[in-house]
Amino acid sequence: MKVPLLDLQLQYRNIKDEIRQAVEEVLESQQFILGPKVEALERALADYCGCAHAVGVSSGTDALTIALMSAGIGPGHGVITTPFSFFATAGSIVRVGARPFFVDIDPLSYTMSPQALEVFVEDDCRFDSGAGRLIDRQTGLAISAIIPVHLYGQCADMDPILALARRYELTVIEDAAQAIGADYPSLADRKVSRAGSMGDLGCFSFYPSKNLGGFGDGGMVTTRDEALADRMKILRGHGAKPKYQHQFVGGNFRLDALQAAVLLVKLKYLESWTTRRRENASCYGSLFRQSGLIGKGLIIVPKAVYESQGSEYNPEALSPVPPAFFHIYNQYIIRAQHRDDLRTHLAQQGIGTEIYYPLPLHQQECFRDLGYPRGDFPESEKAAAETLALPVYPELGHLQLEYVIDKMSEFYRSVL
Ligand SMILES: *Cc1c(COP(=O)(O)O)cnc(C)c1O
């Protein structure tokens, strides 16, 4: 049996005719950049994400870049994020001339630890209340924004992050590249909110392996602020409005009509795919429990954000939906003992896995001058060494999931 980490050919086979027709329409129109398909996608995705505005852009990376630019973040500014994410989160901060300030993750959810955030702000920064600015003591830079990452498809713990951002007048940019359609049960607001609708700006990616993936690169930024949306629409076309009159230096961050046409077709199926991912995740959970691997402490299955917060937190009170269903499982991530040997064994048995991400951002060569030694973010470093992504894509069958668990049990029997 073969169980690849992701099989997009299966998905394509099911929607081939519709996709081909949508692509054909664009080919007939010969309008390839922005235009009606992109506008239709923006409308549909703004609704889907529960946000007033959506701006289609050229990638998830460019979504982060243009979000930062639209918020006026550049040289002299600092942006807080975690070192356990895809590179683009921190890369885009540096690309606009700002400096990333890392805070560690929560070990259960792998998303930004609100406690670590609080400690950084209280211990390493001072608030200049006259100027309404949070200043990093060591560098003297003004901290302007926070980028929480909704890693693997689960929202970061936004209540405390948003409260802190309000207190210190920080812009919040959600990196929702992996989390389209994920929900967050907010105790503060007494309601469930969607990824990308809680901060000032929400950034999404349509990279093919994301839950809503295009046939190439693509991305989107959501916001409830019309002025920010308008500015991003100008910035994505080199800051020109009207044509050839440049108000700002932007860039070419435009989305293709072909991508929008494909994504509009796929969007119709997104909820059903997400349901299948959740069923697969829940099935893994039962199979892992039955296998005894959890009981023996050999592996740890994904945990919900609120499980870090103890008993006072009761998301069931907010929603008829089981709280496990807030996650969209772009990745199903386990913590595993003997992770690297396990991965080799699974590969030999035809099972695809991946490590997201093997080297935390503060340890990357290009960020050496930020001066974070190894050991500064122990939870991120531990997660990088222990976590593994298992196949969870919608088209997986029950037998394949059982095969994955069987082969894992086999591995642990052989090493123990
Ligand atoms: C995929 C991803 C991005 C970047 O998206 P691209 O479309 O590949 O540029 C940014 N942040 C996170 C967390 C991602 O997973």
Side-chain angles (χ1 to χ4, degrees), residues 5-6 8 38 41 45 54-69 79-96 100 102-103 105-106 109-112 145-156 158 161 172-182 195-196 199 201-222 232 236 251-256 258-260 262-263 266 277 305 327-333 354-362 364 367 380 383-384 387 389 392-393:
L5 183 64
L6 178 64
L8 287 170
V38 170
L41 180 73
L45 282 172
V55 180
V57 295
S58 32
S59 69
T61 304
D62 290 340
L64 287 161
T65 304
I66 202 170
L68 288 159
M69 290 170 83
V79 179
I80 304 170
T81 191
T82 80
F84 194 57
S85 181
F86 178 59
F87 179 79
T89 313
S92 61
I93 296 169
V94 175
R95 288 274 282 115
V96 299
F102 294 124
V103 298
I105 53 166
D106 163 73
S109 68
Y110 310 110
T111 59
M112 180 179 282
I146 309 178
I147 307 186
V149 183
H150 302 328
L151 201 66
Y152 306 142
Q154 171 170 235
C155 290
M158 293 302 286
I161 294 171
V172 175
I173 301 174
E174 295 171 64
D175 184 340
Q178 299 181 7
I180 192 160
L201 296 138
C203 300
F204 294 86
S205 164
F206 305 129
Y207 185 78
S209 67
K210 304 292 158 89
N211 285 25
L212 181 64
F215 287 2
D217 280 310
M220 185 183 66
V221 188
T222 50
M232 287 188 285
R236 75 179 164 184
N252 176 356
F253 300 127
R254 296 176 302 241
L255 183 62
D256 291 355
L258 278 169
Q259 297 306 333
V262 168
L263 293 163
K266 287 198 177 192
R277 286 176 182 269
V305 157
H327 202 310
I328 60 143
Y329 296 100
N330 176 243
Q331 301 296 346
Y332 183 88
I333 300 293
E354 189 50 272
I355 298 167
Y356 299 111
Y357 298 91
L359 189 65
L361 301 178
H362 67 286
Q364 298 289 345
F367 291 147
S380 297
T387 56
V392 72
Y393 60 90

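Indexing begins at 1, ligand by ligand and atom by atom, following the structure's order. In this chain, numbering begins with 1 at the start of the sequence shown.
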Side chains of Arg254 and Val38, heavy atoms from C-beta outward: is any pair under 4.5 Å? no
Ligand 1 atoms nearer than 4.0 angstrom to some heavy atom of Gln178 are 13 (C), 14 (C), 15 (O)
Out of all atoms in ligand 1, which are within 4.0 Å of some heavy atom of Thr61? Include the element for each. 4 (C), 5 (O), 6 (P), 9 (O)
I'd like to check which ligand 1 atoms, numbered from 1 as shown, lie under 4.0 Å from a non-hydrogen atom of Ala177. 2 (C), 3 (C), 10 (C), 11 (N), 12 (C), 14 (C), 15 (O)
Is a side-chain N or O of Lys266 found less than 3.5 angstrom from the main chain of Gly213, in a donor-acceptor match? yes
Between Glu174 (side chain only) and Gly196 (backbone N and O only), is there a donor and an acceptor less than 3.5 Å apart? yes
Might you point out which heavy atoms bring Ser205 and Gly60 nearest each other, and give the distance in Å? CB-CA, 3.7 Å
So is Asp62 polar-close to ligand 1, meaning N/O to N/O under 3.5 Å? no
Where ligand 1 meets Ser85 - atom numbers and elements under 4.0 angstrom, heavy-atom basis: 13 (C)
Do the ring planes of Tyr152 and Tyr110 sit parallel (below 30°), tilted (30 to 60°) or perpendicular (above 60°)? perpendicular
Within-4.5 Å side-chain heavy-atom neighbours: Phe206 and Leu45: yes
Counting both backbone and side chain atoms, is some N or O of Asp175 under 3.5 Å from an N or O of ligand 1? yes
Partner of Ser92 under side-chain contact (heavy atoms from CB on, under 4.5 Å), chosen from Asp175, Leu64, Thr81: Leu64
Protein residue, atom and distance nearest to atom 3 (C) of ligand 1, heavy-atom basis: Phe86 CD2, 3.6 Å
Tell me whether Gly60 has any N or O atom under 3.5 angstrom from an N or O of ligand 1. yes
Among protein heavy atoms, which lies nearest atom 14 (C) of ligand 1, and at what distance? Lys210 NZ, 3.2 Å
